[in-house]
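As structure tokens, the structure follows; a few thoughts come after it.
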2 protein chains.
Amino acid sequence: MVTLKDLARITGYSVTTVSRALNGYDDVNKETRDIILAAAEKLEYTPNINAQSLVTKRSKTIGFLVSDLKRESAKDNFTFEVLCGISEFVTEAGYEMILLSTSSSKQKNKTFRQIVSERNLEGIIIQGLKKEDPYLQEAIKGSVPTVLVDIPIENETTGYVTSNQHDSVKKAIKYLARLGHRNIAYMNGHKHAYVSEIRYQSYKEGLSEAGLEVDENLVCYGDYEEEKAYRASLDFLLSNPEVTAFFCASDIMALGVLKAAKELKLDVPKDLSIIGFDNILLTQYTSPTLSTIGQKPFELGKRGTELLLEIIQNSSTQRHIIIQNELILRESTAQPGG
Amino acid sequence: MVTLKDLARITGYSVTTVSRALNGYDDVNKETRDIILAAAEKLEYTPNINAQSLVTKRSKTIGFLVSDLKRESAKDNFTFEVLCGISEFVTEAGYEMILLSTSSSKQKNKTFRQIVSERNLEGIIIQGLKKEDPYLQEAIKGSVPTVLVDIPIENETTGYVTSNQHDSVKKAIKYLARLGHRNIAYMNGHKHAYVSEIRYQSYKEGLSEAGLEVDENLVCYGDYEEEKAYRASLDFLLSNPEVTAFFCASDIMALGVLKAAKELKLDVPKDLSIIGFDNILLTQYTSPTLSTIGQKPFELGKRGTELLLEIIQNSSTQRHIIIQNELILRESTAQPGG
DNA sequence: CTGTTAGCGCATTCAC
DNA sequence: GTGAATGCGCTAACAG
């Protein structure tokens with residue numbers, strides 16, 4: 001390992017001068033700088049970021065905190081795409097990202113503050129935590145720069161990045177209404193997620209704006225799981241034959257509804273239109289293919305990181321970023337009756 | 001931020017004693033230790049790992065180096081599942097993981113050594129790099145503990161974790177042969193991946209062991225892409241009507257073959273049996289559902305990390321770990337003719 | 001058992 | 001322009 005001291009010894013200058021030359025200070029003789037830079041290059045000198053951060057207090061590291069990063073969550077490439085987006089931007093900015101999972105941190109009885117101070121994290125991006133998660137509360141209250149994915153809360157050191165779920169859900173509902181659907185059901189996820197609320201609220205508003213009545217009985221709960229959505233919709237469709245369209249808070253649940261429809265010999269989209277949310281790869285392969293609302297998780301990660309670094313550098317003019325979703329129409333939507 | 005110095009000041013002991021008490025040395029008076037531990041708890045003291053690593057030379061950090069972590073790779077949840085496996089085990093061991101992408105590192109002209117020494121990484125797990133990638137070569141030659149995923153190379157500081165691809169591919173081929181297939185084609189991926197070679201080799205051996213001749217003309221190249229596999233197999237199936245089974249080096253390519261078969265009005269599995277590799281989620285949703293070889297990427301990540309930490313601690317008895325794959329039979333395989 | 005001393009690699013005063 | 005001195009938070013000899 002080559003250190004500043006080595007470079008100092010070899011070039012004959014002091015550690016101080018070497019440090020300044022390498023960090024681009026302009027009070028260094030050009031010749032001196034060239035000599036030092038050449039030596040650094042030759043020896044493949046790399047600054048020790050840990051040592052740097054010890055004195056500068058800037059670790060050039062951020063954390064990405066997600067809820068249980070277990071086997072199952074791997075199915076959900078939303079998190080992974082966000083991760084990719086973060087990774088891309090973070091590296092561009094000369095930072096590095098550490099992956100943190102709440103489950104394992106809790107297991108180790110760490111507080112949010114500890115997670116952060118252990119590694120001197122400059123900021124944290126949070127995704128997928130339940131509303132009532134203590135880490136989330138700590139993060140919001142604390143003074144560590146934080147960016148939340150899909151949780152619309154902001155303050156001095158907290159920002160968020162999300163998509164225009166409100167508009168896109170309303171758009172989907174109104175689209176169904178325009179096709180002639182009068183009884184549009186909603187398959188909601190569990191109540192621990194902010195997005196469930198937002199989407200449900202938007203569903204209701206969409207109905208109202210389309211001149212349709214909101215009927216609480218047309219709401220099912222599938223917990224963002226295919227199997228649960230399948231079972232819930234099986235019963236539901238049997239007892240609510242007037243329903244001709246189903247809007248689902250996630251594609252995974254839409255798959256469950258699709259399965260139930262098939263089992264009940266309902267033709268999709270002739271007897272039942274279905275719209276999902278997420279645009280997962282599978283939606284292009286089902287039969288019929290699934291209409292859905294497409295998010296851009298990669299962008300969420302990338303822009304979220306951008307925002308986080310701005311908050312860290314105190315250079316941000318805003319505390320939130322909204323990414324546009326896209327209503328993707330495929331084969332699972334049509335007029336009622338065909 | 002609470003430091004050792006703070007604890008020393010408050011408890012009246014020296015920094016050294018506080019440090020020793022906290023690190024569980026047994027040459028500390030029990031009473032003293034209790035006082036110190038109590039103070040640490042009360043003030044929520046958290047050791048600064050960066051400072052620790054500066055002196056101990058152990059950063060408690062490993063890197064996960066993957067090839068281009070771009071938008072597209074997100075489709076491939078193999079990487080993500082490996083990542084989840086790493087994350088789980090790494091945290092258990094008190095380590096943290098940093099995500100590194102070759103594309104961005106190259107862009108910054110960093111050598112492998114620099115990537116490692118910048119952050120004092122204790123070890124690295126590598127996945128998805130092409131055979132000829134310079135980072136891979138550096139890693140293997142270098143003295144930094146390294147674990148390769150699916151690249152069977154080992155030496156003093158390098159180990160690998162992979163699945164029994166050899167056996168499982170042979171098993172699949174022999175299964176097809178037992179069903180009565182005599183002309184079994186192979187859809188290979190690009191040649192930059194070790195796994196392509198291994199699977200191809202195993203395919204040939206499987207044929208031989210089943211008493212079938214190896215015909216180089218029955219090999220196609222789909223580059224691990226659906227579209228390319230689709231086009232390659234379209235031509236191929238037209239000009240090779242005697243082929244009744246297709247083994248594909250990845251499920252994604254199997255999807256391409258399935259699409260081509262449908263376009264050619266070939267019934268799967270009646271006219272053409274298909275077996276893929278990976279057991280991606282999609283294989284359960286296609287029609288017909290796809291037979292495939294299931295890997296356990298989560299296990300790969302987890303066991304790989306385990307191995308890496310052993311190499312780091314110099315406690316490993318072996319340098320490689322093999323995880324068992326599973327031949328999963330679904331609807332896309334049958335006897336020729338039905 | 002405990003404290004003093006030294007130093008990890010680096011950036012930053014402050015003199016010269 | 002340059003260097004000596006200081007300290008970031010911590011561990012590791014070495015004395016006592």
Side-chain angles (χ1 to χ4, degrees), chain A residues 1-37 39-40 43-61 94 96 113-122, chain B residues 1-37 39-40 43-61 94 96 113-122:
Chain A
M1 169 180 246
V2 184
T3 69
L4 277 192
K5 205 197 268 181
D6 295 327
L7 293 182
R9 191 166 30 77
I10 288 166
T11 60
Y13 290 99
S14 73
V15 172
T16 316
T17 304
V18 174
S19 170
R20 276 194 297 237
L22 257 30
N23 288 317
Y25 283 61
D26 51 5
D27 60 347
V28 173
N29 189 313
K30 186 172 180 313
E31 257 180 52
T32 309
R33 157 171 288 118
D34 289 344
I35 293 173
I36 292 173
L37 286 180
L43 300 183
E44 290 190 305
Y45 167 76
T46 313
N48 181 327
I49 298 189
N50 287 335
Q52 269 183 183
S53 83
L54 196 57
V55 33
T56 62
K57 302 292 180 200
R58 280 177 286 105
S59 62
K60 297 280 185 186
T61 311
E96 224 71 76
R113 248 204 54 255
Q114 282 175 323
I115 296 177
V116 170
S117 66
E118 236 181 18
R119 303 254 169 191
N120 272 326
L121 301 181
E122 292 189 42
Chain B
M1 169 180 247
V2 184
T3 70
L4 277 191
K5 205 197 267 180
D6 297 326
L7 292 182
R9 189 165 32 75
I10 289 166
T11 60
Y13 290 98
S14 73
V15 172
T16 317
T17 302
V18 174
S19 169
R20 276 194 299 236
L22 257 30
N23 288 316
Y25 283 61
D26 51 4
D27 60 349
V28 175
N29 188 310
K30 186 169 179 319
E31 257 181 51
T32 311
R33 158 170 289 117
D34 288 345
I35 294 173
I36 292 173
L37 286 180
L43 300 183
E44 290 192 305
Y45 167 76
T46 313
N48 181 328
I49 298 188
N50 287 336
Q52 271 183 180
S53 83
L54 196 57
V55 32
T56 61
K57 302 293 180 199
R58 281 177 286 106
S59 62
K60 297 280 186 185
T61 311
E96 224 69 77
R113 250 205 51 257
Q114 283 176 321
I115 296 177
V116 170
S117 68
E118 234 182 20
R119 302 256 169 191
N120 272 327
L121 301 182
E122 292 189 43

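Predicted model, so just to flag it, every value in this text is computed and none were measured. A note on names: the letters A, B, ... follow the listed sequences, proteins ahead of strands, and every chain is numbered from 1.
- Note that the first and last nucleotides of DNA chain C, 5' to 3', having any atom under 4.0 angstrom from a heavy atom of chain B are dC1(C) to dG9(C).
- As judged by a 4.0 angstrom heavy-atom cut-off over every strand, T56(A) is placed among residues touching the sugar-phosphate backbone only.
- Between the P atom of dT11(D) and the NZ atom of K57(B) lies a distance of 14 Å, rounded to the nearest Å.
- The side-chain heavy atoms of T11(B) and T17(B), taken from C-beta on, include no pair separated by under 4.5 Å.
- For the residue pair A8(B) and S14(B), the shortest heavy atom distance occurs at CB-C, 3.9 Å.
- Regarding N48(B), its CG atom lies at a distance of 13 Å from the C1' atom of dT11(D), rounded to whole Å.
- As rounded to whole Å, 16 Å separates atom P of dG3(D) from atom NZ of K5(A).
- The minimum heavy-atom distance linking Q52(A) with P47(A) is given by the pair OE1-CB, 3.3 Å.
- Rounded to whole Å, atom C1' of dG9(D) lies 8 Å from atom CE of M1(B).
- For the pair R9(B) CZ and dC10(D) C1', the computed distance is 16 Å after rounding to whole Å.
- Summary of helix geometry: the two end axes of the helix from dC1(C)-dG16(D) to dC16(C)-dG1(D), each defined by five base pairs via their C1' atoms, are inclined to each other by 40° (rounded to 10°).
- With a 4.5 Å cut-off on side-chain heavy atoms, L7(A) and Y13(A) do not count as touching.
- The two residues E122(B) and K60(B) come nearest to each other via the heavy atoms OE2-N, 2.5 Å.
- A donor-acceptor contact under 3.5 Å links the side chain of T16(A) to the base of dA4(D).
- At least one side-chain heavy atom of L22(A) sits less than 4.5 Å from a side-chain heavy atom of V18(A).
- Counting heavy atoms from C-beta on, the side chains of T46(A) and V116(B) never come closer than 4.5 Å.
- Under 4.0 angstrom from either OP1 or OP2 of dT2(D) there lies no side-chain N or O belonging to T17(A).
- Listed pair Y13(A) / dA4(D) fails the phosphate criterion, with no side-chain N or O lying under 4.0 Å from OP1 or OP2.
- Following rounding to the nearest Å, I35(A) (CD1) and dT2(D) (C1') show an atom-to-atom distance of 13 Å.
- In this structure, CG of L4(A) is placed 16 Å from C1' of dA5(D), rounded to the nearest angstrom.
- Using a 4.0 Å heavy-atom criterion, one finds that V15(A) contacts no nucleic acid atom at all.
- Here the closest non-hydrogen pair linking S53(A) and N50(A) is OG-O, 3.1 Å.
- Interface residues of residues 20-30 of chain A facing DNA chain D, ordered by number: R20(A), D27(A), V28(A), N29(A); criterion, heavy-atom separation under 4.0 Å.
- In this structure the side chain of D6(B) reaches within 4.5 angstrom of the side chain of R9(B), judged on heavy atoms.
- Contact check for T61(B) versus N120(B): no side-chain heavy atoms found under the 4.5 Å cut-off.
- At least one donor-acceptor pair under 3.5 Å links the side chain of R33(A) to the backbone N or O of Y25(A).
- S53(A) comes within contact range of no nucleotide atom at all, as no heavy-atom separation falls under 4.0 Å.
- Contact check for I49(B) versus E96(B): no side-chain heavy atoms found under the 4.5 Å cut-off.
- Here dC10(D) presents its P atom at 7 Å from CD of Q52(B), a figure rounded to the nearest Å.
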